[in-house]
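Structure first, commentary second.
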Amino acid sequence: MKNTVWWKNAVIYQIYPRSFMDSNNDGIGDLQGIISKLDYIKWLGVDAIWLCPVYKSPNDDNGYDISDYTDIMDEFGTMQDMDQLLEEAKKRDIKIIMDMVFNHSSDEHKWFIESRKSKDNPYRDYYIWRDPVDGKEPNELGSVFSGSAWQYDETTGQYYLHMFSKRQPDLNWENAKVRNKIVDVVKFWVNKGVSGFRLDMIELLGKVPDEMITANGPKLHDYIKQLYSEGFNCNGKGDEIVTVGECWAADTKEALKYTDPENKELSMVFQFEHSALDEIPGKGKWALKPMELGELKKVINKWQLDYEKGWNALFWDNHDLPRIVSRFGNDKEYRIESAKMLALYLYGLKGTPFLYQGEELGMTNVKFPSIDDYKDIEIINMYNEKIAEGVDEKEIMKSIYAKGRDNARTPMQWSDETNAGFTKGTPWLKVNENYKEINVEKEMKDDNSVLHFYQKLIRIRKNVLCIREGNYLPVLNEDKDIAAYTRNIDGQGILVIANFHNGTKKISLPEYEVKKILASNYNRFDFDLKAVDIQPYEAIMLEI
Ligand code: TEU
Ligand code: CA
């Protein structure tokens, strides 16, 4: 069925404003910095920007702790700057998608300041308060950022729930007043002309803390239906407002509850099955294991084949994840080839690709010498907790180097100038030392760069119908080194072959006839499918 809504034919660029571009040399990225780079973003060929939170915040969790949902964080600028960004983006036919954090607010939000004053305060049950049990936390619920999810508050002798940091108290979605206030926030931004929302930890809204239920709670989808009917669809254009929910606990069945168009909830979800394959199952993100390609292929096949009525949000990177070239690629001798291979493999799939700032350059993970160089609250809390448990610091740093969120948050690398051209001040987080090698200016001048390859893949997606709408079929499904698939519609097809390893491999796929080479990270100009030696990290997209 023809894709009728814009976001199914789009590529969306994610910006973490704090690390994107600093315009006033305080070392912190800001809205004017983003405005100064809109022509670069346009050149990439993307259709929309997902803007991570820019609202007033004390930055305990870099903006994911919001103290005013309808005003702009001082470090990022003013509402006038935000209006200017919307206007300048619109001039370039770039849509803006806002990141909304509705599971919790900052403890500096006026609702929480009131709520914690007294048990009978009108805002008390905007949050989740419980009495101590036997003088301790109400139950065993844990915070994602280490420790208990319950924080004792002296003033009223009760605990409040915080699934994340102590300064991110969970909102009580059972309270209709909370739901109505959040609907007003959505309407404020819809009426400002934004084109959509990324919804932080949306799966937690239906939590039932007394029963230790966090994700996928009983009333979750009722709440999202209300957000849609009264918020996203407030002007009757709900299908034009793209919404993507962050859902760590969604399998294809659960995801369809959000995204089946008949349910009138969300456009897409970010699910993370592919992104957990380098963790020991059930042990959490810091317990490392190598990613097995067979497992990745199984997950991709499932989401391409068993989720027909939904629509995939395709991504490798985001502001919480390690850089993909360091994670599933090879950021040493094959950095360029493997970064391009990973891009080509993803950009042939069915769904909407999300491109995270710096991914288009092949930016890599970072290894700071000391824990003091790290800023992320998740990293710092985990480090302190593990040190207290007596875990060897080298082991802890190994996990931080592999999976720490600051890997994705080092400043965007614009040029080989000081601080990679990000700031003339002192950057809030150190720049990755490889910025002289990996930066926009250098890669712009090199037609063979990762940057030009991403721009080419984005352009191909716009012109090749079967990528946007064709069906998906795995090829070489049993191969442990190579991932391959076809996409087909109305007799037009492509074949994608991607070698995820640094070995050479002979393959033969005589059943396909090569009509044209659409993209190749080894600049192949011919490709004999009867017998061909696939090179280390080689990827190719063929019209068949
Ligand atoms: O993330 C949810 C979340 O659980 C992950 O960030 C978590 O930290 C995991 O370890 C990632 O590998 C969302 C936002 O994306 C994140 O930036 C916020 O810190 C978090 O919610 C709280 O708002
Ligand atoms: Ca700044």
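Because the structure is predicted, anything quoted here is derived from the model rather than measured. We count ligands from 1, going down the list as the structure has it; atoms in each ligand are counted the same way. Numbering starts at 1 and runs along the sequence shown. Just the heavy atoms: all of them, side chains too, but no hydrogens, waters or symmetry mates, feed the values below.
Here the heavy atom of the protein found nearest to atom 13 (C) of ligand 1 is D200 OD1, 2.8 Å. Atom 12 (O) of ligand 1 has its closest protein heavy atom at K285 NZ, 3.0 Å. Regarding atom 19 (O) of ligand 1, its nearest protein heavy-atom neighbour is D61 OD2, 2.6 Å. Of the protein's non-hydrogen atoms, R405 NH1, 3.0 Å is the one closest to atom 6 (O) of ligand 1. Among protein heavy atoms, atom 1 (O) of ligand 1 sits closest to E246 OE2, 3.1 Å. Nearest to atom 4 (O) of ligand 1 among the protein's heavy atoms is F164 CE2, 3.5 Å. What sits closest to atom 7 (C) of ligand 1 on the protein, heavy atoms only, is E378 OE2, 3.5 Å. At the shortest separation from atom 17 (O) of ligand 1 among protein heavy atoms lies D320 OD1, 2.8 Å.
R179 forms no cation-pi arrangement with W173, by the criterion of a distance under 6.0 Å to the ring centre and an angle within 45° of the ring axis. Cation-pi check for K37 over W414 is met; the charged atom lies under 6.0 angstrom from the ring centroid and within 45 degrees of its normal.
Those atoms of ligand 1 with a heavy atom of R409 less than 4.0 angstrom away are 17 (O). Interface atoms of ligand 1 facing H319, defined by a heavy-atom separation under 4.0 Å, are 14 (C), 15 (O), 16 (C), 17 (O). Interface of F145 with ligand 1, defined as ligand atoms under 4.0 Å from a residue heavy atom, comprises 8 (O), 19 (O). Close contacts between ligand 1 and H104 involve ligand atoms 22 (C), 23 (O) [criterion: under 4.0 Å to a heavy atom]. Listed by number with element, the atoms of ligand 1 under 4.0 angstrom from any heavy atom of M201 are 2 (C), 21 (O). Each of the atoms 2 (C), 3 (C), 5 (C), 11 (C), 12 (O) of ligand 1 lies under 4.0 Å from some heavy atom of W248.
Classification of the Y374-Y401 ring pair by plane angle, with boundaries at 30° and 60°, yields tilted. Under the 30°/60° scheme for interplanar angles, the aromatic rings of Y347 and Y454 are found to stand perpendicular. By the 30° and 60° cut-offs, the orientation of the rings of F500 relative to Y345 is perpendicular. Aromatic ring pairs are classed by plane angle as parallel below 30°, tilted from 30° to 60° and perpendicular above 60°; the pair F197 and F232 is tilted.
Partner of Q14 under the side-chain hydrogen bond (donor to acceptor under 3.5 Å, both in side chains) criterion, chosen from H319, Q357, R198: H319.
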Quick one: do Y126 and E114 satisfy side-chain hydrogen bond (donor to acceptor under 3.5 Å, both in side chains)? Show the steps, please. CA-CA 10 Å; Y126 274 50; E114 285 302 314; over 6 Å; no
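At a heavy-atom distance under 4.0 Å, no atom of K403 approaches ligand 1. At a 4.0 Å heavy-atom cut-off, ligand 1 touches R198 through the side chain alone.
Within the protein, the N, O or S atoms sitting under 3.0 Å from the Ca ion (ligand 2) are D22 OD1, N24 OD1, D26 OD1, I28 O, D30 OD2.
Using 4.0 Å as the threshold, E279 has no heavy atom nearer than that to any atom of ligand 1.
Other residues, nucleotides and ligands contribute more than 12 heavy atoms inside 6.0 Å of the NZ atom of K225. In the displayed structure, K192 atom NZ is contacted under 6.0 Å by more than 12 heavy atoms of other residues, nucleotides or ligands.
With respect to the salt-bridge test (charged N to carboxylate O, under 4.0 angstrom), the residues D39 and R92 qualify.
The two atoms that bring S67 and S106 nearest to each other are N-CB, 3.8 Å, heavy atoms only.
Distance alone, capped at 3.5 Å, is enough to place a donor-acceptor pair between the D170 side chain and the M163 backbone.
Counting heavy atoms from C-beta on, the side chains of W189 and T70 come closer than 4.5 Å.
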